[in-house]
Engineer: 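Got a structure here, written out as structure tokens. Questions coming.
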Amino acid sequence: MKHALEKLVAQAVTRLQDAGELPADLALEIQIERTRDRRHGDFACNVAMILARQARRAPRELAQRIVSALPAMETVAAVEVAGPGFINFRLAPSAYHQVVRDIHAAGEAFGRSTVGQGRRVQVEFVSANPTGPLHVGHGRGAAYGAAVADLLVAAGFQVHREYYVNDAGRQMDILATSLWLRYLEHCGETLPFPANGYRGRYVIDIAADLHAREGRALHRPAARVFADLPPDEGAGGDKEAHIDALIARCRELLGEADYEKIFDFGLSAILDDIRSDLEEFGVVYEAWYSERSLLERGIAQRAIERLKQGGFLYEREGAWWFRSTQFGDEKDRVVIRENGQATYFAHDIAYHMDKMERGFERVIDIWGADHHGYVPRIKAALAALGDDPRRLDVLLVQFASLYRGGEKIPMSTRSGQFVTLRELRREVGNDAARFFYVLRKCEQHMDFDLDLAKSQSTDNPVYYVQYAHARICSVMRQLAEQGLVWDREQGLSELRQLVEEHEETLLVTLSRYPEVIETAALAHEPHQLAYYLRELAQAFHTYYNAHAFLVEAPPLRNARLALVLATRQVLANGLGILGVSAPEAM
RNA sequence: GCGCCCGUAGCUCAGCUGGAUAGAGCGUCGGCCUCCGGAGCCGAAGGUCAGAGGUUCGAAUCCUCUCGGGCGCGCCA
């Protein structure tokens, strides 16, 4: 509808240009927007006010000329000039009746748009280190990323969801070493667990599995493990030096083959946990992309080589630096350390080079806001590689704080209380978690109120929306109990029966759905959809309270049911995009 | 110190690429079930859009500065 009106106004402007009433060289985009106030009609256009200066005419007068040049359109009932120079359009009731027919015809596909034109977009999200279970912060990235991806699908993009697995690097070595130490404990050893090791309960559990599988095959005496190591933090030493020496000792005593066995055991155990956690949360990926594979396939080396050949690297103090300042970064960055090892950043450059080479027209990275300082250097690297950094969109998700009983829950890993996504899901349920996470735009800090998310009451927006869906299902059950069926054909042909104000509100709200999908998708803002669904549910509940649907007269009854069933469809479609279920009863 | 994000009703937040009297939920106060599910509906009170300048027909929205809050500034990932 919006697009149709835009074309209409554009035609009128062109007519005026042809007639010499407007300059021929106007650069403008016709904007049609929904009116905030129904007294201003359904849609408004501000083009006359924008053009007034160039056309050297008063806005209202110009608006009047545009109106007289407008071609007729069947679904437009009235056009008028209002306020400072708005052109207001009032639609004919038939325009809204068509929406109901469209919904019934398209079903699950209603609201899908073609703006994406099948363009390939990659969405990378969560990508948490596989060194432990996901926590509630990752949950927000998961819910947000999944919703953005599904919105893009609905908007006609071809979406590739990806999880970047940091399965290389020091953190993973620390995990492997931690795991082995816990394994040794299961073998009966007593040892001083390093300050910088992973102390979580899950490491002990995985170690138990490892012990069950390997028996004592990987056992070495603790005394040999800890002999002649630099002291740990607790003993007045440096925890970093201690853990690094411990990692080296671990490899030495086990040999590479057994070390790798432990490393892979830990990696796959945690990755399996993350994968199933996300799956249960309704978050699935097209690909899990391994950091190690960048090395195995020579991609990391190739990226460095390209930068070197382009003259973007230089050597200083034994390390290789990337001239990111040349592309606006605040300082140059190390890509190859003094010890010859590539940095995480070097791998990330290679990963993003590979993303571009895979031919995505648009790449979206969803990161925690604490990584924001990282954006300029990645974009710099893309520029140096000859790619267009604008193809990469980095969406930064702010932190979520949990509240219970009005108190903020401390979220440090050490506190050990209620930090995992799994625990959150268990406490409030997947639906509430998905919906709450997506209720705020990503750059907004989020206060996640556990009591509210759990409450099965009027305060909880999730249940409010779901209840609308369940209520409609219940109405249909009532219909069946009365021995009646909905006459689809009569319902769709008797839509003119819908003359109540509440019906009009519901019709208008339904007609907005495709626009909401499109704008929410292009802006990467699933919260727009969440708010819309609340509005739609409210329009329905209000209608429900004001009028009975199961009335005696068949034409009116069937028309009302057509409207209500269309509402159910849109609720289900919208909730589906957000990963929330649409229950038939609750 | 520098950089990024945020500052709208008592609380939590919307406000679409600047648009016509600033919205919602919760909370507070007052109403509505012989009727399709009261997990619902209706109504009332409540804001100098942090502050100050600027841009223009028009600013919560764009620009600059100030104040306040969060986060980041590793040869960690």
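A note on names: the letters A, B, ... follow the listed sequences, proteins ahead of strands, and every chain is numbered from 1.
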Engineer: Which whole number of Å gives the distance between the P atom of B/C2 and that of B/U64?
Structural biologist: 15 Å
Engineer: Salt-bridged, A/Glu61 to A/Arg65, with N to O below 4.0 Å?
Structural biologist: yes
Engineer: Please determine if A/Asp487 and A/Arg557 form a salt bridge, counting it only when a charged side-chain N lies under 4.0 Å from a carboxylate O.
Structural biologist: no
Engineer: P atom, B/C57 versus B/A52: distance in rounded Å?
Structural biologist: 24 Å
Engineer: Under 4.0 Å, heavy atoms only, any strand: does A/Ala523 hit a base, just the sugar-phosphate, or nothing?
Structural biologist: nothing
Engineer: Closer to the 5' end of RNA chain B via nearest nucleotide, is it A/His527 or A/Glu584?
Structural biologist: A/His527
Engineer: Do the ring centers of A/Tyr289 and A/Tyr163 come within less than 6.0 Å of each other?
Structural biologist: no
Engineer: Can you measure A/His541 atom NE2 to B/C36 atom C1' for me and round it to whole angstrom units?
Structural biologist: 14 Å
Engineer: Does B/C33 adopt a syn or an anti glycosidic conformation, taking syn as a chi angle within 90° of 0?
Structural biologist: syn
Engineer: Answer with base, sugar-phosphate or nothing: what part of the nucleic acid does A/Ala520 contact at a heavy-atom distance below 4.0 Å?
Structural biologist: nothing
Engineer: Taking A/Asp42 first and then A/Arg34, would you say they form a salt bridge - that is, a charged N and a carboxylate O separated by under 4.0 Å?
Structural biologist: no
Engineer: Rounded to whole angstrom, note down the P distance from B/A50 over to B/C6.
Structural biologist: 13 Å
Engineer: Below 4.0 angstrom from OP1 or OP2 of B/G25, is there any side-chain N or O of A/Gln538?
Structural biologist: yes
Engineer: Between B/U12 and B/G74, how far apart are the two C1' atoms, rounded to whole Å?
Structural biologist: 37 Å
Engineer: Given atom CD of A/Glu515 and atom C1' of B/C16, what is their separation to the nearest angstrom?
Structural biologist: 10 Å
Engineer: Taking atom types as they are modelled, is there a donor-acceptor pair under 3.5 Å from the base of B/A20 to the side chain of A/Asn88?
Structural biologist: yes
Engineer: A/Leu550 has a side chain; which of B/G38, B/A20, B/C36 sits nearest to it?
Structural biologist: B/C36
Engineer: In the 5'-to-3' direction, what one-character label does each nucleotide of nucleotides 70-77 of chain B receive under the scheme B = base within less than 4.0 Å of a protein heavy atom, S = sugar-phosphate only, - = no such atom?
Structural biologist: SBSSSBSB
Engineer: Calculate the interatomic distance between A/Phe448 atom CZ and B/C13 atom P; express it in whole Å.
Structural biologist: 13 Å
Engineer: Starting at atom CZ of A/Arg440, determine the distance to atom P of B/C11, rounded to an integer number of angstrom.
Structural biologist: 14 Å
Engineer: Counting any heavy atom closer than 4.0 Å, what does A/Thr542 reach on the DNA or RNA strands: base, sugar-phosphate only, or nothing?
Structural biologist: sugar-phosphate
Engineer: If you assign A/Glu443 and A/Ala82 each to the RNA chain B nucleotide with the nearest heavy atom, which residue ends up on the more 5' nucleotide?
Structural biologist: A/Glu443
Engineer: For RNA chain B, what dot-bracket results from Watson-Crick or G-U pairs at under 3.5 Å, with [ ] for crossers and | for inter-strand partners?
Structural biologist: (((((((..((((.....[...)))).(((((.......))))).....(((((..]....))))))))))))....
Engineer: Examine B/G37: is either OP1 or OP2 under 4.0 Å from a nitrogen or oxygen in the side chain of A/Gln478? Give yes or no.
Structural biologist: yes
Engineer: Are A/Lys355 and A/Asp365 close enough for a salt bridge, meaning some N to O gap below 4.0 Å?
Structural biologist: yes
Engineer: Please determine which of A/Glu500, A/Glu503, A/Glu504 meets the side chain to side chain donor-acceptor pair (under 3.5 Å) test together with A/Tyr543.
Structural biologist: A/Glu503
Engineer: Taking the six-membered ring for Trp and the single ring otherwise, decide whether the centroids of A/Tyr164 and A/Tyr351 are under 6.0 Å apart.
Structural biologist: yes
Engineer: Students often get this wrong, so: under 4.0 angstrom with heavy atoms, is A/Ala470 touching a base, only sugar-phosphate, or nothing?
Structural biologist: base
Engineer: Side chain of A/Asn545 only, heavy atoms from C-beta on: which candidate in B/C42, B/A24, B/G40 is closest?
Structural biologist: B/G40
Engineer: Between B/A20 and A/Phe86, is there a base-stacking contact, meaning the centre of the base's six-membered ring lies under 5.5 Å from the residue's ring centre while the planes stay under 30° apart?
Structural biologist: yes
Engineer: Between B/C75 and B/G54, how far is it from one C1' atom to the other, in whole Å?
Structural biologist: 46 Å
Engineer: Name the closest nucleotide to the A/Gln444 side chain, picking from B/G40, B/C36, B/C6.
Structural biologist: B/C6
Engineer: With rounding to the closest Å, how many angstrom separate the P atoms on B/G27 and B/C42?
Structural biologist: 16 Å
Engineer: Scan A/Met586 against the nucleic acid and name what it touches under 4.0 Å (heavy atoms): base, sugar-phosphate only, or nothing.
Structural biologist: base
Engineer: In the structure I gave you, are the side-chain heavy atoms of A/Ile304 and A/Trp320 within less than 4.5 Å of one another anywhere?
Structural biologist: no
Engineer: With rounding to whole Å, what would you report as the distance between B/C5 and B/C41 at their C1' atoms?
Structural biologist: 39 Å
Engineer: Given atom CG of A/Leu51 and atom P of B/C57, what is their separation to the nearest angstrom?
Structural biologist: 13 Å
Engineer: Do A/Tyr344 and A/Asn166 come close enough that some side-chain heavy atom pair is under 4.5 Å?
Structural biologist: yes
Engineer: Within the pair A/Lys441 and B/C6, is there a side-chain N or O less than 4.0 Å away from OP1 or OP2?
Structural biologist: no
Engineer: Less than 6.0 Å separating the ring centroids of A/His469 and A/Phe540?
Structural biologist: no
Engineer: Indicate, with a heavy-atom threshold strictly under 4.0 Å, whether A/His469 touches base, sugar-phosphate, or nothing.
Structural biologist: nothing
Engineer: What's the gap between B/G51 and B/G31 when it is taken at their C1' atoms, as a whole Å value?
Structural biologist: 42 Å
Engineer: Using whole Å, report how far CG of A/Asp329 lies from C1' of B/C4.
Structural biologist: 13 Å
Engineer: Take atom CZ of A/Phe540 and atom P of B/C36, then tell me their distance rounded to the nearest Å.
Structural biologist: 13 Å
Engineer: Measure the distance from CG on A/Asp449 to C1' on B/U12 and round it to the nearest whole Å.
Structural biologist: 9 Å
Engineer: Is the centre of the A/Tyr544 ring less than 6.0 Å from the centre of the A/His502 ring?
Structural biologist: no
Engineer: Please determine if A/Arg471 and A/Glu584 form a salt bridge, counting it only when a charged side-chain N lies under 4.0 Å from a carboxylate O.
Structural biologist: no
